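Structure record follows, encoded as structure tokens.
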Amino acid sequence: MAQIDQADIPSVPAEVDSYHSLFPLEPLPPPNRIHKSSNFGYITSCYKAVNGKDDLTYCLRRVHGFRLVNTKCMSLVDTWKKIQHSNIVTLREMFTTKVFGEHSLVFAYDFHAGAETMMSRHFNDPSADAYFTKRKWGQHDGPLPRQHAGLLPESLIWAYIVQLSSALRTIHTAGLACRVMDPTKILITGKTRLHVNCVGIFDVLTYDGSQSNPVAVMPQYQQADLISLGKVVLALSCNSLAGIQRENLQKAMELVNINYSSDLKNLILYLLTDQNRLRSVNDIMPMIGARFYTQLDAAQMRNDVIEEDLAKEVQNGRLFRLLAKLGTINERPEFQKDPAWSETGDRYLLKLFRDHLFHQVTEAGTPWIDLSHIVSCLNKLDAGVPEKISLISRDEKSVLVVTYSDLKRCFENTFQELVAAANGQL
């Protein structure tokens with residue numbers, strides 16, 4: 001629900017295409033900034049925005065100062081839009097705009113609230129980099145327990161590998177290349193869930209209209225994806241981005257050799273070593289092996305936990321609808337020009353039932369508040385059970401004994417009467 005005050009940040013427009021309520025998700029670049037994004041070669045900014053067509057929240061990635069000269073790249077964008085994968089942030093649309101005061105390219109993605117980048121989660125600690133670069137890693141160190149070496153558990157690294165390789169597999173199968181396999185472009189939600197972000201942007205920024213078939217260059221980009229994946233896995237294994245610098249590569253592999261399994265070492269070597277043949281992301285499946293089942297099991301267990309929690313909450317909507325309907329009936333000042341409508345007939349019973357629900361008192365006259373009583377009574381009303389209930393008038397001079405099934409009939413008839421009047425049928 002976060003919103004900005006337009007007066008504070010006038011550079012953020014009120015509307016962009018069909019999107020409104022823009023809110024910056026990262027600090028906005030200063031107006032005179034020359035520094036370009038290290039990833040895309042252009043200044044970029046990122047906003048949360050609501051689409052007026054479906055009222056859903058999306059993430060807008062704006063590329064500053066880019067004029068789209070060749071619309072043939074839209075065929076690639078359309079292919080990206082078709083890719084639905086649990087570890088890829090789905091691209092919804094791309095459009096050009098001048099509302100920011102210059103030619104801009106805007107990519108609209110699904111919005112993952114509360115996500116952080118792998119960069120900020122795992123590589124934001126300068127001391128970890130210093131620890132890696134200063135330490136003389138070598139066989140003579142002996143096996144160091146990972147937690148003392150400040151390293152990540154191997155199970156977490158494999159969880160990331162399964163997700164990232166699964167995303168790459170889907171992208172490559174569609175004849176595309178990821179090209180943003182980078183810690184700054186991988187989002188983490190929850191504890192271990194990954195989403196590859198900013199897909200499709202490079203395909204538009206580097207589109208070469210002179211090529212007859214833009215997909216022809218994809219195989220070499222796909223090979224680069226595998227190298228990028230290897231670098232991400234190596235950086236995670238060292239818990240430091242310093243590990244993927246060329247001069248530190250041997251030291252990094254020694255660290256992996258000492259602290260992790262041979263499968264992980266072989267996987268990193270396979271991804272980072274240039275082969276004479278075209279490699280496929282499927283080739284690393286044997287190295288993942290039975291760990292894939294661990295991930296599947298963890299996902300299903302998490303699903304069970306979520307479903308259990310959902311089962312507890314799923315009744316809330318039903319009870320809320322009952323209370324909302326009851327609220328439209330009780331204490332209505334006037335209906336069909338009858339000011340006493342809510343105090344007579346079936347409505348009077350429902351008023352007393354409302355008192356029975358919410359306004360009970362103890363023997364000492366203090367409010368008796370019991371949520372389980374409210375929930376139980378509402379459930380009985382919804383089911384229309386034959387159980388009898390005593391409803392006492394406020395002056396305590398009359399007691400009405402009715403069943404929940406009688407109350408349900410009164411309730412439904414009265415509400416239908418209101419709905420008919422609202423629709424002009426009375």
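Treat the numbers as computed from the prediction; the structure is a model and nothing was measured.
- Between the CG atom in Leu326 and the CD atom in Glu331 there is a gap of 10.5 Å [rounded to 0.5 Å].
- Remark: the His122 side chain and the Tyr160 side chain contain an N/O donor-acceptor pair separated by less than 3.5 Å.
- The shortest distance between side-chain heavy atoms of Phe353 and Cys410 does not fall below 4.5 Å.
- When the shell of 6.0 Å around NZ of Lys351 is examined, it contains more than 12 heavy atoms from other residues, nucleotides or ligands.
- Closest approach of Leu22 and Ala14 over heavy atoms only: CD1-O, 4.4 Å.
- The aromatic rings of Tyr42 and Phe66 sit perpendicular to each other, their planes meeting at more than 60°, with 30° as the lower class boundary.
- The two atoms that bring Ile83 and Ile171 nearest to each other are CD1-CA, 4.3 Å, heavy atoms only.
- A donor-acceptor contact shorter than 3.5 Å links the side chain of Lys48 to the backbone of Ala2.
- For the residue pair Leu407 and Leu391, the shortest heavy atom distance occurs at CD2-CD1, 4.3 Å.
- Remark: side-chain polar atoms of Gln163 are paired, donor with acceptor, to backbone N or O of Thr192 under 3.5 angstrom.
- No side-chain donor-acceptor contact under 3.5 Å links Gln416 to the backbone of Glu412.
- Here side-chain hydrogen bond (donor to acceptor under 3.5 Å, both in side chains) pairs that include residues 392-410, with residues two or more places apart or in two chains, are Asp355-Arg394, Ser393-Asp395, Ser393-Ser398, Thr403-Ser405, Thr403-Asp406.
- Applying the side chain to side chain contact (heavy atoms under 4.5 Å, CB included) rule to Leu319 yields the partners Leu322, Val375, Leu378, Asn379; only residues at least two apart in sequence or on another chain are considered.
- Side-chain contact between Phe335 and Thr414 is absent, with no heavy-atom pair separated by less than 4.5 Å.
- Residues Leu28 and Ser45 approach most closely at CD2-CB, 4.2 Å, considering heavy atoms.
- A salt bridge links Lys380 and Glu387; the closest N-O separation between the charged side-chain nitrogens and carboxylate oxygens is under 4.0 Å.
- When all heavy atoms of Ile329 and Ser342 are compared, the pair lying nearest together is O-CB, 3.9 Å.
- Contact check on Asp309 versus Lys312 returns a salt bridge, with a Lys/Arg side-chain nitrogen under 4.0 Å from an Asp/Glu carboxylate oxygen.
- Two residues are said to be in side-chain contact when any heavy atoms from C-beta on lie closer than 4.5 Å; Phe95 and Val16 meet this criterion.
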Is there a ring-ring contact (aromatic ring centres under 6.0 Å, His included) between His195 and Tyr109 once you walk through the steps? CA-CA 12 Å; His195 308 268; Tyr109 294 93; over 10 Å; no
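- For Tyr221, the OH atom sits in a packed shell: over 12 heavy atoms of surrounding residues, nucleotides or ligands are nearer than 6.0 Å.
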Might you work through the side-chain contact (heavy atoms from CB on, under 4.5 Å) test for Thr117 and Thr184, ending with a clear yes or no? CA-CA 6 Å; Thr117 64; Thr184 61; 5.6 Å; no
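- For the pair Leu272/Leu234, a side-chain contact is recorded, criterion being any heavy-atom separation below 4.5 Å from C-beta on.
- At least one donor-acceptor pair closer than 3.5 Å links the side chain of Ser228 to the backbone N or O of Ala224.
- Applying the 6.0 Å contact sphere to CZ of Phe320 captures no more than 12 heavy atoms from other residues, nucleotides or ligands.
- Looking at Asn39 and Val180, their side chains never come closer than 4.5 Å, going by heavy atoms from C-beta outward.
- Side-chain contact between Tyr270 and Arg279: present, with at least one pair of heavy atoms (C-beta onward) separated by less than 4.5 Å.
- Between Arg62 and Glu102, at least one side-chain nitrogen of the basic residue sits less than 4.0 Å from a carboxylate oxygen of the acidic one, meeting the salt-bridge criterion.
- Here the CG-CE distance, from Asn124 to Met118, works out to 13.5 Å after rounding to the nearest 0.5 Å.
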Evaluate the criterion salt bridge (charged side-chain N to carboxylate O under 4.0 Å, His left out) for residue pair Arg332 and Asp338; output intermediate values, then yes/no. CA-CA 10 Å; Arg332 182 169 279 277; Asp338 177 7; over 6 Å; no
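- When side chains are defined from C-beta on, Arg193 counts as touching Asn87, because their heavy atoms get closer than 4.5 Å.
- The OG1 atom of Thr170 sits 3.5 Å away from atom NE2 of His85, with the distance rounded to the nearest 0.5 Å.
- Here salt bridge (Lys or Arg N to Asp or Glu O under 4.0 Å) pairs that include residues 201-215, with residues two or more places apart or in two chains, are Arg179-Asp203.
- Using a distance-only test at 3.5 Å, with no hydrogens or angles considered, no donor-acceptor pair links the side chain of Thr44 to the main chain of Phe40.
- Between Leu264 and Glu154, the closest heavy-atom pair is CB-OE2, 4.0 Å.
- The main-chain N or O of Phe100 is never found under 3.5 Å from a side-chain atom of Ser104 such that the two would form a donor-acceptor pair.
- If you take CD1 on Ile268 and CD1 on Ile244, they are separated by 11.5 Å, rounding to the nearest 0.5 Å.
- A donor-acceptor contact closer than 3.5 angstrom is absent between the side chains of Ser280 and His172.
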Residue pair Arg169, Met285: steps toward the side-chain contact (heavy atoms from CB on, under 4.5 Å) verdict: CA-CA 11 Å; Arg169 186 171 172 271; Met285 273 303 290; 5.9 Å; no
Would Leu323 and Phe358 satisfy side-chain contact (heavy atoms from CB on, under 4.5 Å), going step by step from the backbone distance to the final call? CA-CA 11 Å; Leu323 286 174; Phe358 300 115; 3.5 Å; yes
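- In this structure, the side chain of Asp17 does not engage the main chain of Tyr19 through any donor-acceptor pair within 3.5 Å.
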One pair to check against ring-ring contact (aromatic ring centres under 6.0 Å, His included): Phe23 and Tyr47. What are the steps and the verdict? CA-CA 5 Å; Phe23 185 86; Tyr47 307 89; 9.4 Å; no
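- Between the CD atom in Gln245 and the CG atom in Leu241 there is a gap of 8.0 Å [rounded to 0.5 Å].
- Pairs engaging residues 320-329 under the side-chain hydrogen bond (donor to acceptor under 3.5 Å, both in side chains) rule: none recorded [sequence neighbours left out].
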Please determine whether side-chain contact (heavy atoms from CB on, under 4.5 Å) holds for the pair Leu194 and Leu187, giving the CA-CA distance in whole Å, both sets of side-chain angles, and the decisive distance to 0.1 Å. CA-CA 6 Å; Leu194 298 188; Leu187 299 181; over 6 Å; no
Checking Trp368 against His373 for the ring-ring contact (aromatic ring centres under 6.0 Å, His included) test, could you report, in this order, the C-alpha distance in whole Å, the side-chain angles of both residues, the deciding distance, and whether it holds? CA-CA 10 Å; Trp368 182 66; His373 161 76; 5.1 Å; yes
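- In this structure Cys46 satisfies the side chain to side chain contact (heavy atoms under 4.5 Å, CB included) test together with Leu25, Glu26, Cys59, Arg61, sequence neighbours excluded.
- Counting only residues at least two apart or on different chains, the side-chain hydrogen bond (donor to acceptor under 3.5 Å, both in side chains) pairs with a member in residues 288-308 are Asp263-Arg291.
- Met181 places none of its side-chain heavy atoms less than 4.5 Å from the side chain of Lys231.
- Distance check, rounded to the nearest 0.5 Å: CD1 of Ile161 to CG of Leu164 gives 8.5 Å.
- No donor-acceptor pair under 3.5 Å is formed between the side chain of Thr366 and the backbone N or O of Thr362.
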